[in-house]
Amino acid sequence: MTRATSLVALALGLAAVSPAHARAQAPVPWVTPAEPLEAPVPFEVGERLEYKVKLGIFNAGEGSLEVAAIDSVRGNPAYHAIMSIDGGILIARVHDEFQTWFDTRTLTSHRFIQDQDEVGSQRYRHYEMFPERGVWERRDDEETGDLPTSLPLDDISFVYFIRTLPLEVGDVYTFNRYFKDTGNPVVIRVLRKEEKEVPAGIFQTIVVQPIIRTRGIFGEGGEAELYFSDDDRRALVYMKSNIPVLPGSLTLHLTSPPAWQPQPAVTGEGQPTGSAPPR
């Protein structure tokens, strides 16, 4: 597989999904949709997660993952989510911003922008997805291609989609929903549950490994792992990925509880915990 250099990169009945164990998906108390046609999801506009970035043992900068707004893309209401990472050590500098616009009703991508500067290598891509026509187009180039699905996803919208899955340990999901056919199938492995300490506190987490067959942080060579909070919100608490051109693993550490989550409670042992109660 090609090297993993990008910094970040469904539960709908129409999704092409093959879980290792078929399970009924019990309803959970997620965020109540603001509009009747919005799909229930465990996130909302205004959710902003901030991270300390490390390369190996070295502090290397800051990152964030944010649901910034609901925008209109060709008349379709879409969540506008942004992931950014800024930092590095010595000459190994990284300045990346990824933006996705995915439908509030179907959670499928309409637009995806990559703006990357990694160790002196610059990369800009602006994709528009047209599910009704079955094609994607690059606006910064003349490249076009066929969508392999009517429900496309990109690297970042996949992260939000994963949060809608049951995520039972041992499950393996296979999707053919990456907007470029060369990236399929996308495999989601639910590896284990683990207590994880980050600057925001100690969280009970579910560890997930996403694999997309494309150049990205979730490529097979990166061996990425995502640590989601083991609660109804599935907040991304920690992330790690191996990037061959950088010295050591790239890791993201949540620095403070999200706005929707109360400060970590103090247990009888005087130990903070980051798990959020249902809203």
Side-chain angles (χ1 to χ4, degrees), residues 1-2 4-12 14-17 39 41 43 49 63-74 76-85 96-116 118 123-141 143-165 173-188 208-220 222 224 226 236 239 241:
M1 299 300 301
T2 54
T5 55
S6 299
L7 295 178
V8 249
L10 327 212
L12 303 174
L14 296 177
V17 53
V41 291
F43 51 83
L49 307 174
S64 63
L65 182 62
E66 177 182 14
V67 184
I70 293 180
D71 294 340
S72 178
V73 180
R74 297 183 295 276
N76 300 297
Y79 292 109
H80 178 196
I82 305 167
M83 185 171 195
S84 63
I85 298 178
D96 284 4
E97 183 176 82
F98 290 74
Q99 299 186 68
T100 181
W101 286 258
F102 58 100
D103 201 285
T104 62
R105 299 159 297 185
T106 62
L107 307 185
T108 58
S109 299
H110 293 297
R111 176 178 297 146
F112 179 49
I113 297 178
Q114 302 169 291
D115 190 0
Q116 303 163 252
E118 299 173 355
R123 176 184 174 89
Y124 181 84
R125 302 287 187 272
H126 177 162
Y127 296 98
E128 296 284 336
M129 288 79 133
F130 300 89
E132 69 283 0
R133 292 165 43 198
V135 299
W136 57 264
E137 298 177 356
R138 266 186 61 184
R139 290 298 169 85
D140 62 294
D141 200 341
E143 184 182 5
T144 63
D146 293 330
L147 290 173
T149 171
S150 61
L151 299 168
L153 290 166
D154 56 67
D155 303 60
I156 307 306
S157 58
F158 245 117
V159 173
Y160 286 95
F161 168 61
I162 290 173
R163 293 172 62 179
T164 72
L165 298 175
Y173 297 90
T174 301
F175 300 94
N176 289 302
R177 292 188 57 177
Y178 192 70
F179 75 98
K180 282 189 172 183
D181 194 43
T182 53
N184 292 311
V186 175
V187 178
I188 309 296
V208 176
Q209 181 181 56
I211 302 173
I212 301 176
R213 295 167 53 103
T214 187
R215 293 181 63 189
I217 200 165
F218 303 136
E220 289 178 323
L226 307 178
L236 182 61
M239 186 191 82
S241 182

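Predicted model only: the values in this text are computed from it and were never measured.
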Check: Nearest 0.5 Å, what's the CG-CG distance between L107 and L151?
Finding: 9.5 Å
Note to self: Applying side-chain contact (heavy atoms from CB on, under 4.5 Å) to D96 and D115, what does each step give before you reach the verdict?
What the structure shows: CA-CA 6 Å; D96 284 4; D115 190 0; over 6 Å; no
Next item on the list: Assess R177 against F175: is NZ or CZ under 6.0 Å from the centre of the six-membered ring, and within 45 degrees of the ring's axis?
Entry: no
Next item on the list: Kindly give the heavy-atom pair with the smallest separation between M129 and L147, and that separation in Å.
Entry: CG-CD2, 4.1 Å
Notebook entry, point to check: So do I82 and E97 actually touch side chain to side chain, heavy atoms under 4.5 Å?
Noted result: yes
Next item on the list: Measure the spacing between CH2 of W136 and CZ of R111 and express it to the nearest 0.5 Å.
Entry: 16.0 Å
Item checked: Distance, nearest 0.5 Å, that separates OG of S72 from NE2 of H80 -> 13.5 Å
Check: Parallel, tilted or perpendicular: which describes the rings of F112 and F179, with under 30° parallel and over 60° perpendicular?
Finding: perpendicular
Next item on the list: Please report the closest heavy-atom contact between A224 and Q209, naming both atoms and the distance.
Entry: O-CG, 3.2 Å
Check: Measuring from L153:CG to N176:CG, what's the distance to the nearest 0.5 Å?
Finding: 11.5 Å
Next item on the list: Could you walk me through whether Y160 and Y79 pass ring pair (Phe, Tyr, Trp, His ring centres under 6.0 Å), step by step?
Entry: CA-CA 10 Å; Y160 286 95; Y79 292 109; 8.1 Å; no
Note to self: Between Q114 and R123, does the side-chain contact (heavy atoms from CB on, under 4.5 Å) criterion hold? Intermediate values first, please.
What the structure shows: CA-CA 7 Å; Q114 302 169 291; R123 176 184 174 89; 4.2 Å; yes
Margin query: Any side-chain to backbone donor/acceptor pair from N76 onto V73? Under 3.5 Å, distance only.
Written below: yes
Next item on the list: Kindly determine whether Y173 and I162 satisfy side-chain contact (heavy atoms from CB on, under 4.5 Å), including the steps that lead there.
Entry: CA-CA 10 Å; Y173 297 90; I162 290 173; over 6 Å; no
Note to self: Which heavy atom of Y178 sits nearest to which heavy atom of N184, and what is that distance?
What the structure shows: N-OD1, 2.9 Å
Notebook entry, point to check: After noting the C-alpha distance and the side-chain angles of K180 and Y127, does the key distance pass the side-chain contact (heavy atoms from CB on, under 4.5 Å) rule?
Noted result: CA-CA 10 Å; K180 282 189 172 183; Y127 296 98; 3.0 Å; yes
Notebook entry, point to check: Can you tell if the side chain of D146 reaches within under 4.5 Å of the side chain of V135, non-hydrogen atoms only?
Noted result: yes
Item checked: Distance-only polar pair, side chains of E128 and H110, donor-acceptor under 3.5 Å -> no
Margin query: Tell me the closest heavy-atom pair linking S109 and P131, and the distance in Å.
Written below: O-CG, 4.5 Å
Checklist line | Atom pair CG/OG of L226 and S241 - distance to nearest 0.5 Å | finding: 9.0 Å
Next item on the list: Would you kindly say whether T100 and D154 are connected by a side-chain donor-acceptor distance under 3.5 Å?
Entry: yes
Next item on the list: Could you tell me the separation between the OG1 atom of T164 and the CZ atom of F43, rounded to the nearest 0.5 Å?
Entry: 7.5 Å
Check: Short question: side chain of D140, backbone of H126 - any donor-acceptor pair under 3.5 Å?
Finding: yes
Item checked: Test: E137 and R133 ion pair at under 4.0 Å -> yes
Notebook entry, point to check: For F98, is the NZ or CZ atom of R125 found under 6.0 angstrom from the centre of its six-membered ring and inside 45 degrees of the ring axis?
Noted result: no
Notebook entry, point to check: Between I188 and V186, which heavy-atom pair has the shortest distance, and what is it?
Noted result: CD1-CG1, 3.9 Å
Next item on the list: Give the minimum heavy-atom separation between L236 and L49, together with the two atoms involved.
Entry: N-CD1, 3.8 Å
